[in-house]
Amino acid sequence: MKKIVYIVLLSAVVMMTGCGAYYNPQSVRMPLVSQKGELVVDANVPLAAWSAVISSEAIHKHDFSIRSCFYNASATYAFADHWAAQLSSRYFFDFRHEAMVGWYAPLGEQATVEVYGGYGYAKCSRGEGTSEYGYYRRKQSGCAQTFFLQGDIGFPSYKPKWCKRCAFTAGVGLRIGGVYCDWVTRNFDHVYDSEAGVYVLSQTGSSDGWSLRYEIQPMLKLGFGGERLKLEAAAGLSDLGGWEGPRYEPLTASLTLSYSVPLLRKKRSM
């Protein structure tokens, strides 16, 4: 247990993600497990979150986007031959929690293929401001739910002949599903209060809406390191099928440390 906790803490490195969006797709998660009893954990911290918190200008403007804490982590466990489950969670601009269960199988000596079905829930919000006078700020909040199928294929730990201690990770994946969002938009003006002699925020309008869209997200992951501990870069591009709701950032990208714990040392088999 101490080893797992140490690895999770060690894995807190940079993640790059879209800033200020109402809906952010989940970060790329391709576990690529290969045997029963295997546990894959990873964690990272959004780079943009650090930038927002240390920005004195944003703090003085009471930016809606600022959060006092943030994280992004996942754990995948192969609980049976050919069956695995993953839980993931993040907090930055929105809360998002996701669970998926699926089937995996080795391909040849070092490759693996997997298919998952899952559900995700996000509590979303974003805000923006313009000039000091006139229209000042808009805030959107609501929730998003996703149902999806995800297929991945790749090498969880490919060992080249020219380096016995080296191992590479390479994988491609495709997620297809639906996204249901409902939101509320509130507009604020920076209005002068003559009695108090100061400018105050005053809500001038509110509207709500909902949208049901399909989502297609191709994904790519590349990594390098040892057999178990690797530095991995991943990217995904989400298409919400003619999205007409609040703005969203379609691109997700991450740089993270991932560790695979072989709880049961067992030879790969078909």
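Worth knowing before you read on, the calculation uses all heavy atoms, side chains too, and leaves out hydrogens, waters and symmetry mates. What you are looking at is a predicted structure, and each value in this text was computed from that prediction instead of being measured.
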Considering only NZ, NE, NH1 and NH2 on the basic side and carboxylate oxygens on the acidic side, decide whether [X] and [Y] come within less than 4.0 Å.
X      : Y      : result
Glu98  : Arg96  : yes
Asp152 : Lys221 : no
Glu38  : Arg228 : yes

Give, for atom [atom1] of [X] and atom [atom2] of [Y], the distance between the pair rounded to the nearest 0.5 Å.
X      : Y      : atom1 : atom2 : answer
Leu174 : Ile153 : CG    : CD1   : 12.5 Å
Tyr121 : Ser89  : OH    : OG    : 13.0 Å
Asp239 : Ile176 : CG    : CD1   : 11.0 Å
Ser211 : Asp182 : OG    : CG    : 10.5 Å

4.5 Å side-chain heavy-atom contact, [X] and [Y]:
X      : Y      : value
Met100 : Pro31  : yes
Thr76  : Leu39  : no
Cys143 : Tyr180 : no

query = Can you tell which of Asp42, Thr169, Leu32, Val41 makes a side-chain contact (heavy atoms from CB on, under 4.5 Å) with Ser258?
reply =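 Passing option: Asp42.
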Any chance the side chains of [X] and [Y] put a donor and an acceptor closer than 3.5 Å?
X      : Y      : value
Thr256 : Glu232 : no
Ser157 : Lys230 : yes
Gln217 : Ser238 : no

request  = Flag the pair Phe168 / Tyr158 as yes when their ring centroid distance falls below 6.0 Å, and as no otherwise.
outcome  =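 Between Tyr158 and Phe168, which both carry aromatic rings, the centre distance is not below 6.0 Å.
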ask   = How are the rings of Phe147 and Tyr119 set to each other: parallel, tilted or perpendicular (split at 30° and 60°)?
value =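 Tilted.
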For residues [X] and [Y], report the shortest heavy-atom separation together with the two atoms involved.
X      : Y      : answer
Ala84  : Phe79  : C-CE2, 3.5 Å
Ala85  : Val101 : CB-CG2, 4.0 Å
Gly173 : Met30  : N-SD, 3.6 Å

Taking the side chain from [X] and the backbone from [Y], do they hold a donor-acceptor pair closer than 3.5 Å?
X      : Y      : answer
Gln145 : Val179 : no
His82  : Tyr104 : yes
Thr112 : Ser34  : no
Gln150 : Arg29  : yes

key: Verdict with supporting geometry, Cys181 and Trp210, side-chain contact (heavy atoms from CB on, under 4.5 Å)   = CA-CA 5 Å; Cys181 280; Trp210 65 273; over 6 Å; no
request  = Measure from NZ or CZ of Arg175 to the centre of the six-membered ring of Phe148 and say whether it is under 6.0 Å with the direction within 45° of the ring axis.
outcome  =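 Judged by the rule (NZ or CZ under 6.0 Å from the ring centre, within 45° of its axis), Arg175 counts as positioned above Phe148.
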task = Answer yes if Tyr116 and Val28 sit in the same cluster of Ile, Leu, Val, Met, Phe, Trp and Tyr residues linked by side chain heavy atoms under 4.5 Å apart, and no otherwise.
result = no
